[in-house]
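Hydrogens, waters and symmetry mates are skipped; everything else that's a heavy atom, side chains included, is used.
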Amino acid sequence: MKLLRFVALVFIFIVAFQFVNIRYFGGAIFSLPSEDKFPVSIDVSTELISPLLDPERLNFTSSISAEVDEEESTGLEEDHVIGSDKNDTIQSHDSLIEDDAKDKETLDFLLGTRNGLNGSDENIVEDADMVSANTRKVEILETGSDPSVDNLSPEVKRFMKVSNSGVVSITEMMNLLHQSRASHVSPKLKRSSTVAQELLYARTQIENPPMIEKDPLLHGPLYWNLSMFKRSYELMEKNLKVYVYREGKRPVLHKPVLKGIYASEGWFMKQLKSSKTFVTKNPRKAHLFYLPFSSKMLEETLYVPGSHSDKNLIEFLKSYLDMISVKYNFWNKTGGSDHFLVACHDWAPSETRRYMANCIRALCNSDVSEGFVFGKDVALPETTILVPRRPLRALGGKPPSQRKILAFFAGGMHGYLRPRLLQSWGGNRDPDMKIFSEIPKSKGKKSYMEYMKSSKYCICPKGHEVNSPRVVEAMFYECVPVIISDNFVPPFFEVLNWESFAVFVLEKDIPDLKKILVSITEERYREMQMRVKMVQKHFLWHSKPERFDIFHMILHSIWYNRVFQS
C-alpha cells in the first residue's frame, strides 16, 4: 500500500511539473543546451524533406541568378583590397567562424551535400563565399515574369500611381512608414505581461523624447529626428532582450559566414550570439526571438545546380518553423510577429514571403516592388568583407580637394540597368566620368579602391536586384554615393535622412547623370561628403561591437519596428 501511495505521489508530481513547464515556461525547463544534440533534427538533404501540402508558387524576376549580385566580383578582388592574400583570408575566415572550419563533422557534412566541391577546405571557403563570379556559372531561376504588382500594398500602389515617375521616393517611404504604424494590427502579448509593458513604455518614451539640439556623437542633420533616435537607442541598450533559438544544425543554422558580399548576416549572427548585453536564456523575458539561419548557407547547401527551383529551400525553412512551434509556444502566441531574421542573399524575400510573413525581416534585397513591408521589414546594409580579421582595412579616402574624378563605377553588366549606364557613359567618352565594365589590368592604372578614394561621387547602380554593396563601400571610402535603383529602401531609412548625404537618380535619368552631378554646387558637395564621413560609423563592422556601429544599428532597426508594433 505504501508503495502504491509513493508511486501515486510521484505520478502527481510529474504531471504538475509538466503542466507548469509547458504552461509557464514553454517547455524551456531542462531543454537541451546544444543544437547538435536536439533529438528532432532538420536534415538538409533534399530527399528527406517532406513536401508541403500547399506549396507556394514563387515569382522571381527572370534575371535572378544563383549568385545574383555577385556583380560586385568582377575580377577586381585584388584591386579591391590591396595586398589581400588568399591563404591569409582563408585562415582569418576559419578563426572567426567559431572554429567551424576545425569541426571535421561540419566539413564532412558540407562536402556531402554540395555538388562540385573537390574536398579541400580551401575550396569550401572559396565556394561558400563566392569571392569571384568568374569561378561560378551563373544560373537563372525560371520564372517567366517580373514580380507581380500583387506584392504591393494598397498604400504603395496609391503612391506609385500618383507619382509622376512611378517610383516611391524616400519622403514617400517615410509617409508609408508612418501610415503603417497608424494602421498596423499584430498579435500582441497580454497587456499585463512585463514584456508588453516594457514595449509600451518604450514607445511612449520614443514618441515623447527629451529634446536634443546638439549631440557630441551624432550629427543632427543626418537623422529625421535625432531626439527620437537617441532615446530609442538608449532604451534598446538598457532594456532589449533577445532569445536565440539553439535548435537546428549547421551549416544552414548557426554558421556565420564572415567573408564575401553577404557577410552582414554572418557578422550579425556571430556578434549577437556572443552578446552578454542583449541575449537572454529566459524566453519569458525576451522582447524578440531570433531565427539564426543563414540565407547564404541555405542556398549554398540546398540549392541544386541546374534545378531552377528553390522549393526545397522554402520547405527546409517551413520544417524548421514546424519544429520550433512544436517544441515552444512562443511562435504561436504572436504568429511570429516578435520573431526576426537577418538575411542578405537576394532570394531571401521570396524564400521567407509565405511562412515567415509575420516576422520582422532584415533584408538586403529591400525592394518596394517585391513585398517589402513598411513598419515591419528592415533594410539591411549589404557589406563586402574580404579579410574578416581586419574589417576596417583601408578605411577612408582623400579629402575633397584631392578628388579629381567626378564619378566612378566599375562592375559586371548584370541586369538591364548597368549596360545602359555603360552605353551612356562608358568608353572614356567623358574624362570626368570613369565608368567601366572592368578596370584594365595594366601597370600604372588605378585600382578599384583608389578610384573610390579619388572620386567625388561613386555610382551605385542596381544589378539583378535593387541592393548593392557599393552603397556601403562608397561611405567606407568617404565618397558620396549616387544610388540609381528605383524603389530601393536604403538601410536604416526609418532614422537616417539619406537625402542629406547621398544622391538619388532615377533610372530613366541615366543620360542626364553628369548634368545632375554638375548641378550640385561645390558647397553642397562638401557638405554631403562631410556627412558621409559622419554617418560612416553606422556602417562599420568591428571585431567587438561598438556603440552606434552597424551591429547596433541593425539591432536598433529591428527593435524600433518591434516597439511600434506594440
Side-chain angles (χ1 to χ4, degrees), residues 26 35 38 40-60 64 141 143 147-148 150-153 184-187 243-249 251-254 265 269 288-304 307 309-367 370-373 375-378 380 558 561-562 565:
E35 61 272 10
F38 183 60
V40 181
S41 64
I42 293 293
D43 191 330
V44 297
S45 63
T46 58
E47 295 82 359
L48 297 183
I49 297 177
S50 58
L52 301 178
L53 295 176
D54 183 24
E56 181 185 24
R57 296 182 64 86
L58 298 175
N59 290 322
F60 292 92
I64 296 180
L141 292 177
T143 59
S148 170
D150 292 337
N151 290 332
L152 303 178
S153 68
H184 181 77
V185 178
S186 67
Y243 183 78
V244 181
Y245 285 108
R246 293 165 292 181
E247 290 72 29
K249 290 186 177 181
V252 178
L253 283 301
H254 307 287
E265 65 179 25
M269 182 190 298
L288 288 161
F289 294 79
Y290 175 45
L291 301 169
F293 80 92
S294 165
S295 64
K296 169 62 177 171
M297 292 310 299
L298 181 68
E299 183 269 338
E300 275 293 293
T301 307
L302 290 181
Y303 177 68
V304 180
S307 67
S309 171
D310 68 348
K311 179 181 177 182
N312 60 319
L313 283 67
I314 298 171
E315 290 175 350
F316 175 91
L317 295 179
K318 172 63 164 58
S319 298
Y320 177 68
L321 291 180
D322 287 344
M323 178 186 66
I324 293 298
S325 61
V326 167
K327 184 179 180 184
Y328 303 101
N329 63 349
F330 312 123
W331 175 276
N332 299 326
K333 278 185 176 180
T334 64
S337 65
D338 56 356
H339 287 56
F340 74 94
L341 60 93
V342 177
C344 199
H345 197 277
D346 288 352
W347 297 352
S350 58
E351 291 166 351
T352 60
R353 183 178 296 145
R354 182 175 183 181
Y355 297 111
M356 296 180 171
N358 288 335
C359 293
I360 298 172
R361 303 181 304 165
L363 304 168
C364 286
N365 186 6
S366 50
D367 189 345
E370 289 199 13
F372 183 92
V373 180
K376 181 182 72 68
D377 293 336
V378 168
L380 178 68
I558 296 166
N561 280 1
R562 177 69 182 119
Q565 286 180 5

How far does [atom1] of [X] sit from [atom2] of [Y], to the nearest 0.5 angstrom?
{"X": "K296", "Y": "T301", "atom1": "NZ", "atom2": "OG1", "value": "9.5 Å"}
{"X": "M269", "Y": "L291", "atom1": "CE", "atom2": "CG", "value": "10.5 Å"}
{"X": "Y320", "Y": "L253", "atom1": "OH", "atom2": "CG", "value": "4.5 Å"}
{"X": "C359", "Y": "L321", "atom1": "SG", "atom2": "CG", "value": "6.5 Å"}
{"X": "L317", "Y": "L298", "atom1": "CG", "atom2": "CG", "value": "5.0 Å"}
{"X": "H339", "Y": "K333", "atom1": "NE2", "atom2": "NZ", "value": "11.0 Å"}

Does [X] reach the main-chain N or O of [Y] with its side chain, forming a donor-acceptor pair under 3.5 Å?
{"X": "H254", "Y": "R246", "result": "yes"}
{"X": "K376", "Y": "A357", "result": "yes"}
{"X": "N312", "Y": "Y303", "result": "no"}
{"X": "N358", "Y": "G336", "result": "no"}

Under 6.0 Å between the ring centres of W331 and F289?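 That pair fails the under 6.0 Å test.
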Of all heavy-atom pairs between [X] and [Y], which one has the smallest distance, and what is that distance?
{"X": "I360", "Y": "I558", "value": "CD1-O, 3.8 Å"}
{"X": "S325", "Y": "N332", "value": "O-ND2, 3.3 Å"}
{"X": "H345", "Y": "E265", "value": "N-OE1, 4.1 Å"}
{"X": "I324", "Y": "E247", "value": "CD1-OE1, 3.8 Å"}
{"X": "P349", "Y": "L363", "value": "CG-CD1, 4.1 Å"}
{"X": "L341", "Y": "M356", "value": "CD2-SD, 3.3 Å"}

Can a donor-acceptor pair be found between the side chains of S295 and E351 at a distance below 3.5 Å? no
Side-chain heavy atoms of [X] within contact of [Y], under 4.5 Å:
{"X": "C364", "Y": "D346", "value": "no"}
{"X": "S337", "Y": "Q565", "value": "yes"}
{"X": "F372", "Y": "V378", "value": "no"}

Checking ring pair (Phe, Tyr, Trp, His ring centres under 6.0 Å) against Y245, which of F293, Y290, Y328, F340 comes through? Y328
Consider side-chain contact (heavy atoms from CB on, under 4.5 Å). Of L313, N365, D310, which one does S350 pass it with?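 Only match with S350 under side-chain contact (heavy atoms from CB on, under 4.5 Å): D310.
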For C344 and L380, run side chain to side chain contact (heavy atoms under 4.5 Å, CB included): C-alpha distance rounded to whole Å, both residues' side-chain angles, the deciding distance at 0.1 Å, then the answer. CA-CA 7 Å; C344 199; L380 178 68; 4.1 Å; yes
